[in-house]
Amino acid sequence: MSSAPPYAKELRIAQLAVQRAAILTKSVFNTTSKGTLSKSDHSPVTVGDFGAQALIISALKYNFAQDEIVAEEEAEELRTNTDLRGKIWGYVKDTKLDGEGEKELGGAIESAESMLDIIDLGASQGGSKGRIWAIDPIDGTKGFLRGGQYAVCLALIVDGKVKVGVLGCPNLPVDDSARIENSMGKDQQDSEGKGVLISAVEGQGATGRALSASTGGKDDGRSISMKPLEDITKASFCESVEAAHSNQSLQAEIAKKLGIVAESVRMDSQAKYASIARGAGDIYLRLQVKRGYEEKIWDHAAGVVIVREAGGLVTDSEGKELDFGRGRTLRGNSGIVAAPKGVHGRILDVVKEVSAGVKL
Ligand SMILES: Nc1ncnc2c1ncn2[C@@H]1O[C@H](COP(=O)(O)OS(=O)(=O)O)[C@@H](OP(=O)(O)O)[C@H]1O
Ligand SMILES: [Mg+2]
Ligand SMILES: [Mg+2]
Ligand SMILES: [Mg+2]
C-alpha cells in the first residue's frame, strides 16, 4: 500500500474549507447590502470577510487543534454591533458543503457567540517556528464590493516556509486558457463558467479545478503551469487595481525598459498569482508605494507557493526571498516580483535599476 504524500490531509481540509467559505462569500457577493464597516486603516470589511473567516477557522480547529492561526479579521466590533453579528450568523449557520465534505470539516458552529470566539482564534502573532495557518477570508475586499475579482486564501506555513496554498477565486473563469481581462468591477455579475480552486503543495506541483466541484470524490484537479516566456517583449503585467497598493507609474517605466508593449491587466487580490500560475498572465509586480507599509503574510502566502510550484520564482523587489517567519507581516521585505524562472532575473535587474532613484 502506498502512503499518502506529505501534507495530503492539510491540502484536502484546506481545499474543503476554502470551498465552503466561498459558498458564503458568493451569497454575500450577490446581495446589495454587504454589511460593510470601515476599519481603523480605512479599508473595508464585510459580512463576507467575517463569515468566511469563522467557517475556515472552525474547520482548521476541528482538524488541527494545535496549530496557530494568523487571520486578517478580528471580532471586537461585532461584540457590540449585534445587528451586524446577527447578519453574519445568518449566513454562517446556513452555509454547508454537500456530502462527506461537511463532516470532514466538523460541521456547524454552535452559536453566534462561539462564532465570535472562533473569529478571534486568528490573532496569533506568527513567527519562525511551528505550524501556522495564514487566512485572508476575502482578499481584494474592494474588488468584492466593486463586483470584480477577489480570492478566499488559505496557506500553511511550517517553520517560516509556505508548504500548502489554496486560492478560491469565484470570479475567475474555470478555463485556464481564457484570456484575462481588466477587472475593475461590474463585469463579473454573470457567474456562468466562473469559479476556480487553485492549490499547491511544496514539491508536488500546482493544480486547478472548478470551485463548484463535488467534495465527495478524490478529484485532484488538473496540473497547471506558467506560460513559458521566451520573448519578454510579448509579456504582460498583472497588477493591482488600487493605485494606492502599487506604484503604477514606476511599473509603466519598467515595462517600457523591458520592451513590453501590452497594457497591464489590472485585477484585485491574489487572483493575480492564480492567473500567472495557470498561464493566463505572465508577471505580477507589486512595488511598494508607501514608506513603512509592511505586506501582510495572508496577502501572499498561498499565491507564492502556487506560483513557485507552477514554475515561477517569487522574490521581493531587491531579489530577497520572502520571509514568512517574521510575524504577521513580511517586515523583512519590500515589494513583490513574481515571474517565470527564466525571465525573473532580467525583470529584477530592471526593477532595481528603476527603483534606485525613487524616494518613498
Ligand atoms: N498601502 C498598501 N499597500 C499595499 N497593499 C495594501 C495597502 N493597503 C492595503 N493593502 C492590502 O492590499 C490587499 C489587496 O491587494 P490587491 O493587490 O488586491 O489590491 S487591488 O485591489 O488590486 O489594488 C488588501 O487585502 P484585503 O484587505 O484582504 O482586501 C490589503 O491587505
Ligand atoms: Mg482587508
Ligand atoms: Mg488581502
Ligand atoms: Mg482580506
Side-chain angles (χ1 to χ4, degrees), residues 18 21-22 24-25 28-29 34-57 70-74 77 119 122 134-155 167-172 180-185 188 237-248 250-251 264-276 281 283-304 307 314 316-317 322 328-331 333-338 360:
V18 167
L24 183 148
T25 63
V28 179
F29 185 83
K34 298 186 175 61
T36 311
L37 289 180
S38 180
K39 297 200 278 187
S40 55
D41 64 356
H42 307 294
S43 69
V45 57
T46 72
V47 165
D49 304 60
F50 289 120
Q53 178 161 322
L55 286 173
I56 294 173
I57 295 183
V70 171
E72 181 181 357
E73 312 303 345
E74 58 178 25
E77 177 111 17
I119 290 173
I135 305 174
D136 195 337
I138 292 184
D139 182 35
T141 306
K142 287 186 177 166
F144 179 76
L145 288 167
R146 249 191 252 117
Q149 293 299 334
Y150 71 95
V152 178
C153 315
L154 179 57
L167 291 175
C169 304
N171 291 335
L172 279 185
I180 47 167
E181 284 159 3
N182 273 332
S183 171
M184 318 298 269
Q188 302 297 328
F237 282 126
C238 228
E239 51 177 297
S240 293
V241 175
E242 296 292 320
H245 295 177
S246 191
N247 192 326
Q248 299 184 345
L250 213 59
Q251 299 220 165
S264 291
V265 180
R266 297 190 195 288
M267 64 170 77
D268 301 273
S269 84
Q270 291 188 61
K272 293 187 276 294
Y273 283 111
S275 296
I276 66 167
I283 301 160
Y284 173 18
L285 258 194
R286 186 178 183 91
L287 303 173
Q288 185 143 8
V289 189
K290 252 207 328 241
R291 188 147 57 118
Y293 181 79
E294 294 172 0
E295 294 286 347
K296 308 294 190 284
I297 61 171
W298 56 79
D299 282 330
H300 301 283
V304 164
V307 165
V314 188
D316 74 3
S317 40
L322 302 182
R328 289 172 69 88
T329 69
L330 295 169
R331 65 171 57 101
N333 300 105
S334 159
I336 309 281
V337 180
L360 294 180

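Residues: numbered from 1 along the sequence shown. For ligands, and for the atoms within them, numbers begin at 1 and follow the listed sequence.
- The shortest N or O to N or O distance between Y293 and ligand 1 is below 3.5 Å.
- At a heavy-atom cutoff of 4.0 Å, ligand 1 is contacted by the side chain of K272 but not by its backbone.
- In terms of distance to the Mg ion (ligand 4), the nearest N, O or S atom of E72 is named OE1.
- When heavy-atom distances to ligand 1 are checked against a 4.0 Å cut-off, E242 comes that close through both its backbone and its side chain.
- Atom 30 (C) of ligand 1 has as its closest protein heavy atom D299 OD2, 3.6 Å.
- Checking side-chain atoms of K272 against main-chain N and O of M267 turns up a donor-acceptor pair under 3.5 Å.
- Contact annotation: for A244 versus ligand 1, heavy atoms closer than 4.0 Å belong to the backbone alone.
- By the 3.5 Å distance cut-off applied to N or O atoms, D268 is counted among the residues near ligand 1.
- Taking the six-membered ring where tryptophan is involved, the planes of Y284 and Y273 are perpendicular, since the angle between them exceeds 60° and thus also 30°.
- Q270 places a side-chain N or O within 3.5 Å of a backbone atom of W298 that can act as its donor or acceptor partner.
- The atoms of ligand 1 that sit less than 4.0 Å from any heavy atom of S269 are 16 (P), 18 (O), 22 (O).
- Listed by atom number, the atoms of ligand 1 under 4.0 Å from M267 heavy atoms are 22 (O).
- Residues Q251 and S264 have side chains that never bring a donor and an acceptor to within less than 3.5 angstrom of each other.
- Atom 9 (C) of ligand 1 has as its closest protein heavy atom H245 NE2, 3.4 Å.
- Not a single N/O/S atom of W298, whether from backbone or side chain, sits less than 2.8 Å from the Mg ion (ligand 4).
- Near G140, meaning under 4.0 Å from one of its heavy atoms, ligand 1 places the atoms 26 (P), 28 (O), 29 (O).
- In this structure, L167 and V18 have side chains that are not in contact, with every pair of non-hydrogen atoms separated by 4.5 Å or more.
- The Mg ion (ligand 4) is closest to atom OD1 of D136 (considering only N, O or S atoms).
- Under the 4.0 Å criterion applied to side-chain N and carboxylate O atoms, K296 and E72 are not assigned as salt-bridge partners.
- Between the side chain of Q53 and the main chain of I119, a donor-acceptor pair closer than 3.5 Å is present.
- Residue R286 touches ligand 1 through its side chain alone, judged by heavy-atom distances below 4.0 Å.
- Side chain of D268 to backbone of V241: no donor-acceptor contact under 3.5 angstrom is found.
- Between E72 and ligand 1, a contact under 3.5 Å exists for at least one N or O pair.
- The D136 neighbourhood of ligand 1 comprises atoms 28 (O), with distances under 4.0 Å to a heavy atom of that residue.
- Shown here for D139 and C153, the closest heavy-atom pair between the two residues is CB-SG, 3.6 Å.
- Set against the non-hydrogen atoms of D139, the atoms of ligand 1 under 4.0 Å away are 13 (C), 14 (C), 25 (O), 26 (P), 28 (O), 29 (O).
- Of all the heavy atoms of I138, the ones lying under 4.0 Å from any atom of ligand 1 belong exclusively to the backbone.
- For the pair R328 (side chain) and A71 (backbone), a donor-acceptor distance under 3.5 Å is present.
- Looking at heavy atoms from C-beta onward, E73 lies in side-chain contact with K39 at the 4.5 angstrom threshold.
- At least one heavy atom of V241 sits closer than 4.0 Å to an atom of ligand 1.
- With a heavy-atom cut-off of 4.0 Å, T141 touches ligand 1 through backbone and side chain alike.
- For S317 (side chain) and S334 (main-chain N/O), a donor-acceptor pair under 3.5 Å exists by modelled atom type.
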